[in-house]
Each structure stands twice: as structure tokens, then as C-alpha cells.
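Order of the sequence lines fixes the chain letters, A, B, ..., with proteins taken first and strands second; residue numbering starts at 1 for each chain.
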There are 2 protein chains.
Amino acid sequence: MASVKQMNRKEIDERVKTFTDLCRTQGLKVTHQRLEIYQALLETIGHPAAEDVYHLIRHKLPTVSIDTVYRTLALFEEHGLISRVQCLSDKGRFDSNVEPHHHFICVECKAIYDFYWPEFDRLLPPDSIGALGEVRVERAELRGVCKHCLKARTSSVQ
Amino acid sequence: MASVKQMNRKEIDERVKTFTDLCRTQGLKVTHQRLEIYQALLETIGHPAAEDVYHLIRHKLPTVSIDTVYRTLALFEEHGLISRVQCLSDKGRFDSNVEPHHHFICVECKAIYDFYWPEFDRLLPPDSIGALGEVRVERAELRGVCKHCLKARTSSVQ
DNA sequence: TTGGTTGCAAATATTTTGCAACCGG
DNA sequence: CCGGTTGCAAAATATTTGCAACCAA
């Protein structure tokens, strides 16, 4: 995975400062490990996996452990300091529908519903994509709460 | 995860027949396990995980093993008989960008690039979504080959 | 018959957790 | 000092693989 710088030193220092302030505000201790992990994310495009971050910071923190990286990334995400890309939970999910379609994902029960969206299909990718690469597949992913879970909600506590 | 029927018996039988023919055409043996696994996918909306399929078919095939389910689903996918939803590989991936944005994913190096797409953001979900649930987040996911990998290609074999 | 397929068990990969030592505020 | 944080090791979860027995064609 590409590991190119996405911002200059000044911008990075600025965001690290903001990050430090946010940690203090939220009662999170600002440790060496956390600073390095956050900086590794700032300095890398391509969305590194936990393992990637682990290797990136071992230059500066040779004794850091992989579970600290996992715990720290999860903590940052809970506090809205970073974002995580992951379909759902962790498992692969399968579908008998092999036609092009889009997905509506229920954030509560994790069900994935197929739907069609001709207006989206007619849309052209933005010009900015040209700088990134060649597009082959375009898909929309909507997230929300499915009918089933909405009903379960009103019929219980409220 | 919801496990509601998505088509009637007649439609299912029809698709199982097509599936059987496709298997024969492609030199795949039509075993009980494969038929049950395929039918389980047809009969379930919400995109079941391998484990879900395993439990669904154990009623009819009590001795089936989970690794057969994994192997069979992978085989079906390779042959274009079903589709798999999975971000990439398997790992969680992280990003310091917490603003709303979209993703361009390189199918070769698996890098995820952020981009912005105001035209998409202005689009309203299709009416058909109303029958599924309430939408909270809308995201586009484009897949293709990134500049870096395109360059690597031309500079090697060709 | 026979090569593709299955079931079992063990291995791998990813992520999580219990716990004592540690250190930031 | 003290409670949140870390590192270690072991556990938990998801998925893959080697291999002998099996069965669809």
C-alpha cells in the first residue's frame, strides 16, 4: 500500500497540536505511543492497517506492541479523532445477486440490502479522480437503520 | 441479521436450475453441499456471512463442515456465480480524515484515497430506499487502479 | 473408475483481553 | 501519588490448508 506523505511538516505539527488539545479536553493522556500513532496516520495516505501503523512507528518506539496500536486506534475512533474503514464487523458477506447494484447497510443488525439507483449510475466521477487513477467500478453505500430495526425500537423502550 | 425470503419457490427453483447448468458448463461438480449453499444465499436477504450459511444448511446437511462453506463460497465467487462484500482483504483500515468524504480504492495495491464529490452529495437517495429503512450516511466507493500501479504496469511487462 | 470434492484437524491471520508494571498529569 | 496506559502473553474470532476418504460424472 502506498505510503506517500500527504501534508507538509508545518501542517502536520499543526494537526498534532490540535490532536493534543483534543486529548486533554477529553481526558486522554498524551503518551509517546499515541502521538506516534496519530502522526503515522497523518503522514500516510492509503489508509494503513493496524499492522502498517505498527511497523511505521517501530522506528521511533522499538518496544511498542501491536495490541497497543489496536487499542489506541480503537480509542481514537471512539473519540472521533480518526475514522475506520471496515465493511461491517469483520466477516466476509455473500450475495447471490451478481448484477451491478448498490448497498444499504443497517448499522444495527448489519443486514445489507441491495438497491438500484439509476441517477447515481448516470453521474460522472468528479474531475479530481483523474489525479488518483482510473475508475472501473462505482458503487454507492448508504448506511442507516432498516425497517425491521426501526420497528423493534418503537415496540420496546421509549 | 435479517433472514427473510427474497423470492418465491418458483423463482428459486429456476435460479437453482440456471446455477446447475452454469456449474456443468464450467466443469464444477454439482454436489448436495453446493446446491444447499447456493439456495441458502438465494433464500436469504441481508448478505449472510459464511458462518450464517453454515447454520442455515446444517438442517439439511448435518455433517457439512465450515471449511467446505468457505471453500465453496470462494469458488462460487471466482466463477462469478455469487458476489462477496468485503472492503478489502480483511483488515480494518484507518484514516486521520474525519470529515465526510468518499473513497477511491485501488484494486491492485489496496490503497484507499479520499476524495470529495459535491454532485453526489447533492443527490437524493432513490425512492426505493424508503421501503428499506432510514438513511443516515451516504458514501460513494469507486474502485479502479491508482496512478502508482498504472505506472508500475507500463514500466514492467508489456 | 477417477479426479474433483469433502470432512477433519491443525495452522494462520487478525483482533481482543487479563493482568501486573509503568508513567503522565 | 494514582488512575489511565502499556507490554506481554494468552485467548478469541475468522479464515485457510494438508490430507485421506469419498462421490458425481
Side-chain angles (χ1 to χ4, degrees), chain A residues 1 16-17 19-38 40 47-58 60-79 81-82 84-94 110, chain B residues 1 16-17 19-38 40 47-58 60-79 81-82 84-94 110:
Chain A
M1 193 208 57
V16 168
K17 169 115 188 28
F19 164 79
T20 305
D21 294 344
L22 271 171
C23 281
R24 296 240 163 81
T25 309
Q26 305 204 25
L28 298 177
K29 288 187 179 174
V30 181
T31 64
H32 284 175
Q33 290 89 338
R34 290 180 177 173
L35 281 171
E36 291 303 331
I37 289 169
Y38 188 73
H47 296 57
E51 192 83 20
D52 299 323
V53 172
Y54 175 64
H55 288 298
L56 285 168
I57 65 174
R58 277 183 68 96
K60 291 199 173 177
L61 301 172
T63 67
V64 76
S65 65
I66 185 70
D67 53 292
T68 295
V69 175
Y70 275 107
R71 259 189 293 231
T72 303
L73 290 170
L75 185 82
F76 287 175
E77 193 204 357
E78 283 166 30
H79 286 259
L81 300 169
I82 65 171
R84 178 199 298 253
V85 180
Q86 200 165 40
C87 268
L88 331 113
S89 61
D90 30 23
K91 307 171 189 173
R93 303 276 293 272
F94 301 88
K110 309 296 182 197
Chain B
M1 193 208 56
V16 168
K17 169 115 187 33
F19 164 79
T20 305
D21 293 343
L22 272 171
C23 282
R24 296 241 163 80
T25 309
Q26 307 204 25
L28 299 177
K29 289 188 178 174
V30 180
T31 64
H32 285 174
Q33 291 89 337
R34 290 179 177 175
L35 281 171
E36 291 303 332
I37 290 169
Y38 188 73
H47 296 56
E51 191 84 22
D52 300 323
V53 172
Y54 175 65
H55 289 299
L56 286 167
I57 65 174
R58 277 183 68 95
K60 291 199 173 177
L61 300 172
T63 68
V64 76
S65 64
I66 184 70
D67 54 292
T68 295
V69 175
Y70 275 107
R71 259 190 292 231
T72 303
L73 290 170
L75 186 83
F76 287 175
E77 193 204 357
E78 283 166 30
H79 287 259
L81 300 169
I82 66 172
R84 177 199 297 253
V85 180
Q86 202 164 38
C87 269
L88 330 115
S89 62
D90 30 23
K91 308 169 189 173
R93 303 275 294 271
F94 301 88
K110 309 297 182 196

Enquirer: Indicate the atoms forming the closest heavy-atom contact of Ile82(A) with Phe94(B), along with that distance.
Expert: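 Closest approach of Ile82(A) to Phe94(B): CD1-CD2, 3.8 Å.
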Enquirer: Atom CG of Leu35(A) to atom P of dT6(D): distance rounded to whole Å?
Expert: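 Spelled out: CG on Leu35(A) to P on dT6(D) is 11 Å.
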Enquirer: Does Arg58(B) have any side-chain hydrogen bond (donor to acceptor under 3.5 Å, both in side chains) partners at least two apart in sequence or in another chain, and if so, which?
Expert: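 Here the qualifying residues are Tyr54(B).
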Enquirer: Between Glu36(B) (CD) and dG7(C) (P), how many Å, whole number?
Expert: 12 Å
Enquirer: Scan residues 67-77 of chain B against DNA chain D and write down, sorted by residue number, each residue with any heavy atom closer than 4.0 Å; if none is found, say none.
Expert: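 DNA chain D contact set from residues 67-77 of chain B: Asp67(B), Tyr70(B), Arg71(B).
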Enquirer: In whole angstrom, what separates Tyr54(A)'s OH from dT14(C)'s C1'?
Expert: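 It works out to 14 Å between those atoms.
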Enquirer: At under 4.0 Å, does any side-chain N or O of Gln33(A) touch on OP1 or OP2 of dG7(D)?
Expert: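 Answer is yes, contact under 4.0 Å.
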Enquirer: Using the side chain to side chain contact (heavy atoms under 4.5 Å, CB included) criterion, which residues pair with Glu36(A)? Sequence neighbours excluded.
Expert: Ile57(A), Lys60(A), Leu61(A)
Enquirer: If I take atom CG in residue Asp52(A) and atom C1' in nucleotide dT15(C), what distance separates them, rounded to the nearest angstrom?
Expert: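 Rounded to the whole Å, the gap is 15 Å.
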Enquirer: Are OP1 or OP2 of dC8(D) and a side-chain N or O of Ser65(A) less than 4.0 angstrom apart?
Expert: no
Enquirer: Just to verify, what does His79(B) make a side chain to side chain contact (heavy atoms under 4.5 Å, CB included) with, not counting sequence neighbours?
Expert: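 By the side chain to side chain contact (heavy atoms under 4.5 Å, CB included) rule, His79(B) matches Gln26(B), Leu28(B), Leu75(B), Leu81(B).
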Enquirer: List the residues meeting side-chain hydrogen bond (donor to acceptor under 3.5 Å, both in side chains) with Thr72(A), not counting sequence neighbours, and say none if there are none.
Expert: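 In terms of side-chain hydrogen bond (donor to acceptor under 3.5 Å, both in side chains), with neighbours along the sequence ignored, Thr72(A) is linked to no residue.
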Enquirer: Under the side-chain hydrogen bond (donor to acceptor under 3.5 Å, both in side chains) rule, collect the residues that match up with Thr31(B), sequence neighbours excluded.
Expert: none
Enquirer: Using the ring pair (Phe, Tyr, Trp, His ring centres under 6.0 Å) criterion, which residues pair with Phe76(A)? Sequence neighbours excluded.
Expert: Phe19(A)
Enquirer: End-to-end bend of the helix from dT1(C)-dA25(D) to dG25(C)-dC1(D) (five-pair axes, 10° rounding)?
Expert: 40°
Enquirer: Atom pairs under 3.5 Å, N or O on each side, protein against nucleotides 22-25 of chain C: can you list them with distances?
Expert:
from    : atom 1 : to       : atom 2 : distance (Å)
dG24(C) : N2     : Lys29(A) : NZ     : 3.3
dG24(C) : N3     : Lys29(A) : NZ     : 3.4
dG25(C) : OP1    : Val30(A) : N      : 3.4

Enquirer: Report yes or no: does Arg93(A) contribute a side-chain atom to a donor-acceptor pair with the main-chain N or O of Val85(B) at less than 3.5 Å?
Expert: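 Pair absent, no side-chain N/O of Arg93(A) close to backbone of Val85(B).
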Enquirer: Send over the distance from Arg84(A) CZ to dT14(C) P, rounded to a whole Å.
Expert: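 That distance rounds to 15 Å.
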Enquirer: Roughly, in whole Å, what's the span from CD in Gln26(B) to P in dG4(C)?
Expert: 15 Å
Enquirer: Could you work out, with side-chain hydrogen bond (donor to acceptor under 3.5 Å, both in side chains) as the rule, every residue matching Gln33(B), not counting sequence neighbours?
Expert: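 For Gln33(B), no residue satisfies side-chain hydrogen bond (donor to acceptor under 3.5 Å, both in side chains) once neighbours in sequence are set aside.
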Enquirer: Using the test salt bridge (Lys or Arg N to Asp or Glu O under 4.0 Å), find all partners of Arg71(A) that sit at least two apart in sequence or belong to another chain.
Expert: Asp67(A)
Enquirer: From CD1 of Ile66(B) over to P of dT17(D), roughly how many Å is that when rounded to an integer?
Expert: 15 Å
Enquirer: Which heavy atom in Ala50(B) sits nearest to a heavy atom in Val69(B), and how many Å separate them?
Expert: O-CG1, 3.5 Å
Enquirer: Could you state the NZ-C1' distance from Lys110(A) to dA14(D), rounded to the nearest angstrom?
Expert: 17 Å
